[in-house]
Amino acid sequence: MHKPAIAPSRSFLLQALLLFLFAFWLLAFHTGDASLWDIDEPNNAQALKEMLAHHNLVVPTFNEALRPDKPILNYWLMGAGVRLLGMNGWGLRIGSVALGAVLVFYLALALRRLYGERTALLTGLLTATALHSQIIFRAAVPDPLLIFFVTISLISYLRGYLLAGERRRDYLISYAAMALATLAKGPIGFLLPGLIIVLFLLGRRDLPHLWRQGQLALGVPLFLLITLPWYLAVGVETHWLWDRLFIDQQNIGRYTASMEGHRGPIYYYLLTIPLGLMPWSIFLLQTVAELWQRRKTLFTKAPEDAFMLLWAMTWVAFFSLAATKLPNYVWEAYPPLFLLLAQRLHLALDGIIPLHRWGVLLSLGALLGIGLVLACLGWWLVPKEIPPLGDVAYLGLPYFLAALAALYFAWGGQLMAAIGSLGAGAVALTGVLVLVAMPALDALKPSVTMGRMIRAVEGSKPYAIATWHWFQPSFLFYAGRGAMPLHEPDRLTRLAQIVADGQGTAFLALPEADLAAVRKQLPKSIHSQELYAGYELYSRKRIALLRLTSDLAEKP
């Protein structure tokens, strides 16, 4: 199949560039000001600190132990950000922000020839403003890398298949992107994209295309050239322990058994995806209904739509069968959903296939209800569950007001104005979260405060850190230096040795309720001083910080 190459217009390129700048601004807005979110962000950040302290950018460790959770690419990305902006929230997260903005730009450029300029730009806009985008592309986690490279790999393959003139280049880009996705998150980076491609070719009854024109002779060596060096290096350096643990625990183990309490029913993602796509998921039913009407001819008359639908369905189905479930696991299914939503809106805006008026009004009414429910829960439930946080009813206002405005415009038949209202509501929600909610939540994450106190008290002097009946990775990150370990003694009698390890000084974080018992069991040679006590969001307890000192430090 050949589609003639038509150079993008200057106005389109300008709009795509403005969309990129908007996405970067929106995702970067106060992103580095918030403290790290337990558990994943400080785990990744501390692992990077230890790798830098050890001058080893091959083997990830956490608290002096091998960390087989994720491959290397995210550490390298965070390392680049840290080198640019420092070991802080900005440096650790700027790579994710940049990937989110570039993804928006890529979608606009790569989809233009397949779907037209308006649909391509709308896809980018929906991607930039969706609720889950404001979470995932603000976090120091490997998910943005997997999302970015999986998207490039699958869209590039589709372009290569449909645009014969660009086939070799796009197929090689696809293989390279799968390799980088594999360096970001592991085998899922090539197994699922490969499965989607095979299923698509089977649906087209064109599987021989894979080895006849699929550039396997160049693509497979390219894939191996990118992926193997690091996997071999970390294997050799750890005597293949990292590789074995990564495959057994983090891949097979996560799929076959729920880990860290992350479980859910088989329909789990049918509930989380509409939330992640907010506010644009209100058009999802009408989008699916239009595709359903064309289901018998999708593979023959609209292969690009068949590919996108298959992409989303395969990704969601695969993780629906997994034992461990998290909303982030299916973000890679969002780009095709954003595209299909954007195409449906484009058809409606052009009057080709109008949206059902009452369907739009009911959908906007549902969004209005969601905003109202959020406001009620923020007013009633949150103060009950997290008393120090207080009333957060304001979280429901952006969607509530956006839905009201969109209802007004939709009633008058002004669909574009209604879409604009929803986009404004999405941006407003980001502003509310970042400017109001995040500072309030940060006050309930004591690790930053405790780390700041430790640095103020000790300066450059040596010390040790420990926890008792409480642990958060963020405490190690904010309170420790470089590769400093965090001690978790199983008996209080070990505290004397920990103080000695810190050359006479140690800091102990523990539930405030345990203070009396701990102080009672301290040796007479160790003095304690309470520096801090405050409510902690994750444990829902008050956490205290003790400074333990000894006049005569014991030698380890």
Side-chain angles (χ1 to χ4, degrees), residues 1-29 97-130 133-134 137 147-148 151-152 154-156 158-160 162-166 169-170 173 277 279-280 283 287 290 302 304-305 307-308 334-355 402 405-406 409-410 412-428 430:
M1 185 177 295
H2 178 73
K3 295 188 178 185
I6 301 175
S9 64
R10 287 187 177 181
S11 62
F12 170 78
L13 291 175
L14 178 60
Q15 290 175 78
L17 180 59
L18 290 174
L19 184 60
F20 163 76
L21 294 174
F22 164 74
F24 189 88
W25 167 80
L26 183 63
L27 296 173
F29 187 64
V97 169
L99 283 172
V102 175
L103 175 65
V104 168
F105 189 59
Y106 170 80
L107 288 170
L109 295 182
L111 296 173
R112 180 189 65 88
R113 284 186 63 189
L114 298 178
Y115 284 93
E117 293 184 354
R118 177 191 267 178
T119 298
L121 291 169
L122 268 175
T123 302
L125 180 64
L126 269 54
T127 303
T129 53
S133 296
Q134 301 308 309
F137 292 114
I147 293 163
F148 184 73
T151 301
I152 290 178
L154 288 170
I155 291 180
S156 293
L158 178 63
R159 283 173 54 90
L162 297 179
L163 309 176
E166 302 175 10
R169 182 201 66 185
D170 280 336
I173 290 174
L277 297 177
W280 310 113
F283 300 112
T287 300
E290 191 274 331
E304 59 272 28
D305 291 348
F307 186 89
M308 294 296 171
Y334 288 6
L337 292 176
F338 287 133
L339 179 277
L340 293 171
L341 285 164
Q343 183 191 36
R344 184 68 188 91
L345 292 175
H346 165 69
L347 293 173
L349 289 167
D350 276 4
I352 300 171
I353 307 178
L355 292 170
F409 290 119
Q414 301 178 61
L415 180 58
M416 180 57 82
I419 293 172
S421 299
L422 295 176
V427 173
T430 297

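- Partners of Thr129 under the side-chain hydrogen bond (donor to acceptor under 3.5 Å, both in side chains) rule, at least two apart in sequence or in another chain, are Trp280.
- The salt bridge (charged side-chain N to carboxylate O under 4.0 Å, His left out) check on Arg344 picks up nothing, with sequence neighbours excluded.
- Evaluation of the side chain to side chain contact (heavy atoms under 4.5 Å, CB included) rule for Phe20 yields Leu17, Ala101, Val102, Phe105 as partners, not counting sequence neighbours.
- For Arg159 (side chain) and Glu166 (main-chain N/O), no donor-acceptor pair under 3.5 Å exists by modelled atom type.
- Rounding to the nearest 0.5 angstrom, the gap separating the OH atom in Tyr115 from the CE atom in Met308 is 4.5 Å.
- With hydrogens and angles ignored, the 3.5 Å screen pairs a side-chain donor or acceptor of Ser133 with a backbone N or O of Thr127.
- For Gln15, there are no side-chain hydrogen bond (donor to acceptor under 3.5 Å, both in side chains) partners, not counting sequence neighbours.
- The line from CG of Leu107 to CG of Leu126 is 10.5 Å long, rounded to the nearest 0.5 Å.
- Of the inter-residue distances, the one linking Leu339 atom CG with Ile155 atom CD1 reads 7.0 Å to the nearest 0.5 angstrom.
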- Message: Would Leu111 and Glu304 count as a side-chain contact (heavy atoms from CB on, under 4.5 Å) here? Give the steps.
- Response: CA-CA 10 Å; Leu111 296 173; Glu304 59 272 28; over 6 Å; no
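- Annotation for Ala402 and Ser421: closest pair CB-O, 3.5 Å, computed over non-hydrogen atoms.
- Nearest heavy-atom pair across Ala418 and Phe409 is N-CB, 3.8 Å.
- Atom OG1 of Thr119 sits about 4.5 Å away from atom NE2 of His346, to the nearest 0.5 Å.
- Residues passing the salt bridge (charged side-chain N to carboxylate O under 4.0 Å, His left out) test with Glu117, sequence neighbours excluded: none.
- Take Ala128 and apply the side chain to side chain contact (heavy atoms under 4.5 Å, CB included) test, not counting sequence neighbours, and it matches Phe22, Ala23, Val104.
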- Message: Please determine whether side-chain contact (heavy atoms from CB on, under 4.5 Å) holds for the pair Phe137 and Ile147, giving the CA-CA distance in whole Å, both sets of side-chain angles, and the decisive distance to 0.1 Å.
- Response: CA-CA 10 Å; Phe137 292 114; Ile147 293 163; 4.1 Å; yes
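- Two residues are said to be in side-chain contact when any heavy atoms from C-beta on lie closer than 4.5 Å; Phe12 and Leu109 meet this criterion.
- Each of Leu154, Thr151, Ile152 was scored for a side chain to side chain contact (heavy atoms under 4.5 Å, CB included) with Pro335, with one residue passing: Thr151.
- Considering OG1 of Thr287 and CG of Leu341, their distance stands at 4.5 Å, rounded to 0.5 Å.
- Interatomic distance, CG of Leu345 versus CG of Leu355, reported as 6.5 Å (0.5 Å rounding).
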